[in-house]
Protein chains: 2
Amino acid sequence: MERPEDGGCAGRARDREATRQRILDSARELFTSEGYAQVSSRRIAAHAGVNVALINRYFGAKRGLLAEVIAEEAAFPGIVEGGREGLPRRLAEHLVHRTLAGGTPLARALEHSAGDPDLKSVHEERLKNAMIGPLAEVIGGPEARARAALAASVILGVGLVRRIEGAAALQELDPDRLVDRLASVISACLAESAPGQAHSGSGRGRG
Amino acid sequence: MERPEDGGCAGRARDREATRQRILDSARELFTSEGYAQVSSRRIAAHAGVNVALINRYFGAKRGLLAEVIAEEAAFPGIVEGGREGLPRRLAEHLVHRTLAGGTPLARALEHSAGDPDLKSVHEERLKNAMIGPLAEVIGGPEARARAALAASVILGVGLVRRIEGAAALQELDPDRLVDRLASVISACLAESAPGQAHSGSGRGRG
DNA sequence: CTTGACAAGTCAACAGTGTTTACTTATACC
DNA sequence: GGTATAAGTAAACACTGTTGACTTGTCAAG
């Protein structure tokens with residue numbers, strides 16, 4: 001069915017798969033460098049050298065293009081695989097290193113569009129399947145999903161704040177200290193029993 | 001200068017301030033109930049019964065309209081005023097109660113558009129002046145802004161996750177337990193010294 | 001090789017967005 | 001009453017995502 005090679009010929013042959021992939025590659029490149037909302041369908045098409053209508057033909061809508069792009073990459077590559085021991089620290093290190101270095105561009109594409117209502121379902125699936133799900137499975141125990149959701153909140157929140165205010169405040173802390181701190185924060189999220197409150201909370205008046 | 005009353009007359013007189021306020025009221029109502037991106041300039045204008053061009057005349061752009069709307073409301077009403085003692089718990093309670101009950105609609109408008117690049121400057125100002133700033137002032141100590149930014153990350157992150165996945169996972173915990181947990185998480189953010197890591201972090205290899 | 005079918009690709013339009021410009025009109029002062 | 005000035009308006013601009021009708025390349029059957 002498929003042509004064996006579509007190689008480098010100038011006026012390339014009609015090849016569904018190759019065209020699809022070409023669109024996907026352009027979308028990933030542009031989304032990750034400029035963000036979802038910034039890049040128009042027509043620009044993706046032009047970058048890929050194909051017609052605009054093909055985006056909707058192959059991916060339903062622009063939304064579907066992002067969904068396919070982010071489905072390709074793991075949220076926590078090689079982190080949950082390490083097991084429960086030291087998980088908070090590994091998450092913290094991952095977060096800090098991609099926070100301070102700009103890190104995985106895909107995360108940026110997601111943070112760019114975190115609140116976009118058009119992408120709610122895309123983000124919902126991503127959050128559940130790639131973050132809360134794996135995390136909950138690793139930590140186990142009661143209310144695992146709630147604890148995982150809390151950790152995911154911290155991870156997304158830090159990324160969001162970094163994107164909004166340029167990490168100016170966060171960079172007051174040097175990376176190592178920030179990792180320490182985030183590790184303890186994430187530990188508090190994932191812990192099975194809610195620990196007695198830290199030194200700053202002596203005034204708890206609840207019954 | 002201004003007309004003393006523009007009252008209820010049908011074809012109302014030309015009154016700059018009244019028109020401005022009318023637009024602002026419509027924007028607040030629509031933004032908070034449907035979100036920034038959902039509501040078009042033309043719809044706001046129609047709801048206010050004014051011409052579309054007046055939005056840009058009075059607020060520069062749609063962005064300016066949101067900026068003015070969110071400038072009207074405090075981020076943590078009556079929370080930082082309570083001082084350092086019990087601050088994490090008050091923040092946690094505020095967050096949970098507005099999370100579970102839908103809470104202040106303005107926060108929703110913000111979460112709706114958290115990642116919108118067009119609103120970056122608006123969110124930046126809001127984050128710095130209404131969240132990190134007051135928080136840092138209350139907690140004091142070294143790297144106060146960094147610690148405050150961390151707490152703000154948690155607060156924004158939880159709101160974001162709630163909005164994305166409908167709080168399904170977070171609601172595994174009953175509200176009181178969630179408050180406990182969040183209070184300890186926020187305490188970990190605000191603490192002056194990064195505490196020794198909790199029970200799950202025995203594998204720390206730094207130092 | 002010719003024919004025909006079907007999928008791949010194209011074009012132009014639609015309805016919508018935020019924004020701007022030129023314009024009309026009502027008001028307030030002289 | 002006349003007029004400057006501001007308030008309000010209408011129409012357009014350039015752009016967005018999306019759709020349906022159309023053309024064209026390719027492959028299989030006759």
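Letters A, B, ... are given to chains in the order of the sequence lines, protein chains preceding strands, and every chain is numbered from 1.
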With a non-hydrogen cut-off below 4.0 angstrom, is Phe59(A) in contact with a base, only sugar-phosphate, or nothing? nothing
What is the separation between atom [atom1] on [X] and atom [atom2] on [N], rounded to the nearest whole Å?
X	N	atom1	atom2	result
Arg16(A)	dA7(C)	CZ	C1'	8 Å
Gln21(B)	dA7(D)	CD	P	16 Å
Asp15(A)	dA8(C)	CG	P	9 Å
Leu54(A)	dG17(D)	CG	P	15 Å
Glu17(B)	dT27(C)	CD	P	17 Å

Filter on ring pair (Phe, Tyr, Trp, His ring centres under 6.0 Å), then keep only pairs touching residues 34-77 of chain A, sequence neighbours left out; what's left? Phe31(A)-Tyr36(A)
I'd like to check the side chain to side chain donor-acceptor pair (under 3.5 Å) partners of [X]; sequence neighbours left out, ordered by chain and number.
X	answer
Glu172(B)	none
Ser41(B)	none
Asp25(B)	Gln21(B), Arg28(B)

Salt bridge (Lys or Arg N to Asp or Glu O under 4.0 Å) with Lys128(B): which residues, sequence neighbours excluded? Glu124(B)
Hey, does the side chain of Thr19(B) come within less than 4.0 Å of dA7(D)'s phosphate (OP1/OP2), counting only N and O? no
Identify whether the distance between the nearest side-chain nitrogen and carboxylate oxygen of Arg126(B) and Glu165(A) falls below 4.0 Å. no
Under 4.0 Å protein heavy-atom contacts per nucleotide of nucleotides 17-24 of chain C, with B for base, S for backbone only and - for none: BBBB----
